[in-house]
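So the structure is just underneath, and the comments pick up after that.
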Amino acid sequence: MHQFIEDLAQHEGKEVTLKGWVYNARFGKANIFLELRDGTGFIQCVISQDMVSEEAFEAAKKLAREAALKLVGIVVKDERQMGGFEIQVSALEVYGYSKDYPIKVNENEHGARFLADKRHLWLRSKRQWAIMRVRNEIIMAIHEFFQTNGFVQMDSPIFTGNACEGTTELFETDFFGDPAYLSQSGQLYAEATALAMGRVYTFGPTFRAEKSDTPRHLSEFWMIEPEMAFFDLDMDMDLIENFTKHIVNRVIKNKRVELDTLGRDISKLENVNQKFPRVPYSEAVKILRGEVEVNGKNAIAIQEQDIEDAKKGIEEKTAEIAEREATIKSGVKKGVRKFNEAKIIVLRGEIAELEEKLRNLPKWITSAKNFEMGSDFGNSDETVLTRVFDAPVMVYNWPAKIKSFYMKEVDGNPDLVKGVDLLAPDGFGEIVGGSERETDLDILVRKIKEHDLPMEAFEWYVDLRRFGSVPHSGFGLGLERMVRWICDIHHLRETIPFPRRYGRLLP
RNA sequence: GGCUUGGUAGCUCAGUGGUAGAGCAGUCGGCUGUUAACCGAUUGGUCAUAGGUUCGAAUCCUAUCCUGGCCGCCA
């Protein structure tokens, strides 16, 4: 039996056996410092020449990044270390050596393509480790929330015979000779199970065949879809708010080390602990256009300020590069030169990002200012809109024509439907989409026809309105989008172990 | 699908008409506690591919392929 790094505080001063991999190694004449990882954490292990056998020290000299080994040693308190402890090694045994490990300790020194090709190894990096641990915590928080609130998990099928909402492109497969499609949503099935079980949720993979090559899309992702009988839109929004708060607070409580590793500003996450603003679509449009301010903040003005900040940033960074280049040319020691050269590369990268911003922001402002009442928010519109809030914001009562057929009409205003989107702050955009469902048989049938959907494929769904139709609501959460927001990650490809997206099927 | 940035050593990049460069990784040596360790030395490149302009092309032009980013479609 061996111990795990995350439990070492319980073993202070005692001997432990650890099994893991060398994350990084530093070699001195009489001391070798191994940063060991075992999946539960990272810890520095010191191998001193006079504390281990000659054979063991010789074996340790040959270790390189990602070599696998067992080691025995004493847990020693050391304030300099990240976890507060280190291991003074007394014995070690190598399982497998490793040579020329391709991924650097600082993974930022690699391009996206290179890392994607090495995903099977990239997952061993500290940053990826932290993301996957947060992802797991989010999954646990989701199950905990529903399981302790009377919900039953009811899986929806992955093979389906029809396009559920009739819009998105699906992956077609062969089901004993008939065409079958990989599920793009479990919602319609969740409605059926909710009317059987009361309150349910699905938790499963979802597939979309759109050729969307963006930071916010995957071809295969995980979706959670609760559905509740006897629930209206207001209750749905309450649930979305409580659910989101529960997840974020549990991650903050249990995954602090991982969030710190990711450099996540936790105070921003703590902003969820306030009432989420609830804004009708029509009001959101006015905010987006800059016609209405929120807490003294104007959406358009914030973007214009961003442009000025970006320009200023480019000037400052350009000046700093010139200064550092002059320092290098003036003839300095190698260490100083190297330091400055590394800084210059980082600065150039930052300038490239700011220039990208300068190319985009004017387009975003134009899009926001000229936004037409009745159309759907684009990605940049969501970013601009959410900048005036510091908590997630719920936009509700949407135009019927841009939402799905199953959403319930707003009483007295059939042009609007009782849908709600939860938009995360800081430009992370839509995380949750939900609605109160249409309960009236005749209206639902009319809408299916209006959307040109094949009635025969929806007969079973319409049955739900024939036999004890009740008000019911639900929502869908994209798991990876939640991970992305909580971890503050730019691209969804880092939020799932093996991302499947347009142009990427391996590894 | 549209717009756009790039392709130079295993990795990340500089070089923009005149002899192919740096850091990291690798290899060798040094160093009594290192934190992306440090110090010294060293290996490594048909400058994406094809064609063109030129006395001379990594650099200019054309085409093709690949890549990063933004938008659209959406969770």
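Throughout, a chain's letter reflects where its sequence line sits, starting with A, and its residues are numbered from 1.
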Let me know the distance between CG of A:D376 and P of B:G72, rounded to the nearest Å. 10 Å

Just checking, is any N or O donor in the side chain of A:Q184 or A:T206 under 3.5 Å from an acceptor N or O on the other one? no

May I ask you to say what A:E355 touches in the nucleic acid, namely base, sugar-phosphate or nothing, with a heavy-atom cut-off under 4.0 Å? nothing

Distance-only donor-acceptor check, side chains A:Q49 and A:E54, under 3.5 Å: no

Give one of base, sugar-phosphate or nothing for A:S367, where a contact means two heavy atoms less than 4.0 Å apart. nothing

Touch class at under 4.0 angstrom, heavy-atom based, for A:G111 against every strand present: sugar-phosphate

For A:L358 and B:C3, what is the distance between atoms CG and C1' respectively, to the nearest whole Å? 17 Å

Under 4.0 Å between any heavy atoms, over every strand shown, what does A:L218 touch: base, sugar-phosphate, or nothing? Just pick one. base

Student check: side-chain heavy atoms of A:F231 and A:E436 closer than 4.5 Å: no

Between B:U27 and B:G44, how many Å separate the two C1' atoms, rounded to a whole number? 11 Å

OP1 or OP2 of B:A36 versus the side-chain N and O atoms of A:R65: is any pair under 4.0 Å? no

Euclidean distance, atom CD1 of residue A:I103 to atom C1' of B:G26 [Å, nearest integer]: 17 Å

Sub-6.0 Å ring centroid separation between A:F146 and A:F243: yes

Integer angstrom distance from the C1' of B:G56 to that of B:U64: 26 Å

Under 4.0 angstrom, heavy atoms only, what part of the nucleic acid is A:E220 near: base, sugar-phosphate, or nothing? nothing

Nucleotide opposite B:C73 in a Watson-Crick or G-U pair, distances under 3.5 Å: none

Could you label the plane-to-plane angle of the A:W398 and A:F377 rings as parallel, tilted or perpendicular, counting under 30° as parallel and over 60° as perpendicular? perpendicular

With rounding to the closest Å, how many angstrom separate the P atoms on B:C61 and B:U53? 15 Å

Students often get this wrong, so: under 4.0 angstrom with heavy atoms, is A:R493 touching a base, only sugar-phosphate, or nothing? sugar-phosphate

Between the side-chain atoms of A:E86 and the base atoms of B:G33, is any donor-acceptor pair under 3.5 Å? yes

Which of these nucleotides, B:G72, B:U67, B:U27, is closest to any side-chain atom of A:N379? B:G72

Between B:G6 atom C1' and A:E353 atom CD, what is the distance in whole Å? 15 Å

Quick note, A:N360 side chain, CB onward, closest among B:G33, B:C70, B:C71 is B:C70

Answer with yes or no whether the side chains of A:Y201 and A:E227 bring together a donor and an acceptor at under 3.5 Å. no

Rounded to whole Å, please give me the gap between NZ in A:K61 and C1' in B:U34. 17 Å

May I have the distance from A:R504 (atom CZ) to B:U67 (atom C1'), rounded to whole angstrom? 11 Å

Looking only at N and O atoms, is any donor in the side chain of A:S212 or the base of B:C73 less than 3.5 Å from an acceptor on the other one? yes

Using a 4.0 Å heavy-atom cut-off, does A:D213 contact any base of the nucleic acid, only the sugar-phosphate backbone, or nothing at all? base

Taking CZ from A:F114 and P from B:A48, how many angstroms apart are they, rounded to a whole number? 19 Å

Nucleotide forming a Watson-Crick or wobble pair with B:C13, both distances under 3.5 Å: B:G21

What nucleotide, of B:A14, B:C66, B:G33, holds the atom closest to the side chain of A:Q88? B:G33

Starting at the 5' end of RNA chain B and moving along, which residue's nearest nucleotide shows up first, A:D381 or A:Y502? A:Y502

Contact class for A:Y101 (heavy atom, under 4.0 Å): base, sugar-phosphate, or nothing? nothing

Please determine whether the number of non-hydrogen atoms from other residues, nucleotides or ligands lying under 6.0 Å from atom CD of A:E58 exceeds 12. yes

Residue met sooner reading RNA chain B from 5', once A:R501 and A:E382 are mapped to nucleotides: A:R501

Between the base of B:G33 and the side chain of A:D78, is there any donor-acceptor pair under 3.5 Å? yes

Check whether the side chains of A:R437 and A:S435 place a donor and an acceptor atom closer than 3.5 Å, and report yes or no. yes

Of the listed nucleotides B:U32, B:G69, B:U67, the one nearest the side chain of A:R113: B:U67

Using the C1' atom as the point on both nucleotides, what is the distance between B:G26 and B:C60, in whole Å? 37 Å

At under 4.0 Å between heavy atoms, what does A:G378 touch on the DNA or RNA strands: base, sugar-phosphate, or nothing? sugar-phosphate

Per atom distances to the A:N31 side chain, the nearest of B:G33, B:C71, B:A14 is B:G33

Take atom NE2 of A:H490 and atom C1' of B:G69, then tell me their distance rounded to the nearest Å. 8 Å

Determine the Euclidean distance between corresponding C1' atoms of B:A25 and B:U42; express it in Å to zero decimal places. 14 Å

Using a heavy-atom cut-off of 4.0 Å across all strands, would you classify A:F221 as base, sugar-phosphate, or nothing? base

Please name the nucleotide paired to B:A41 by Watson-Crick or G-U wobble geometry with both distances under 3.5 Å, or report none. B:U27

Of all the nucleotides listed (B:U12, B:G33, B:G69), which has the minimum atom distance to the side chain of A:E109? B:U12

Taking the six-membered ring where the residue is Trp, are the ring centres of A:F207 and A:F221 under 6.0 Å apart? no

If the C1' atom of B:A58 is compared with that of B:A20, how far apart are they to the nearest Å? 9 Å

Of the nucleotides B:A36, B:U34, B:C11, which one has an atom closest to the side chain of A:H110? B:C11

For atom C1', what is the distance between B:C28 and B:G33, given to the nearest Å? 25 Å

With sugar-phosphate meaning primed atoms plus P, OP1 and OP2, does A:R216 contact a base, only sugar-phosphate, or nothing at under 4.0 Å between heavy atoms? base

Does the B:U34 base have a donor-acceptor partner in the side chain of A:Q44 within less than 3.5 Å? yes

Measure from the side chain of A:K104, starting at C-beta and using heavy atoms only, and say which of B:C70, B:G23, B:G33 lies closest. B:G23

Candidates B:C70, B:G1, B:G26 - which lies nearest the side chain of A:K211: B:G1

Rounded to whole angstrom, note down the C1' distance from B:U59 over to B:G6. 15 Å

Residue A:R359, side-chain heavy atoms: nucleotide from B:U5, B:G33, B:C70 that is nearest: B:U5

Any side-chain donor-acceptor pair under 3.5 Å between A:Y23 and A:E66? no

If pairing requires Watson-Crick or G-U wobble contacts with both distances under 3.5 Å, which nucleotide is the partner of B:G51? B:C61

Determine whether any donor atom in the side chain of A:E35 lies under 3.5 Å from an acceptor atom in the base of B:U34, or the reverse, and answer yes or no. no

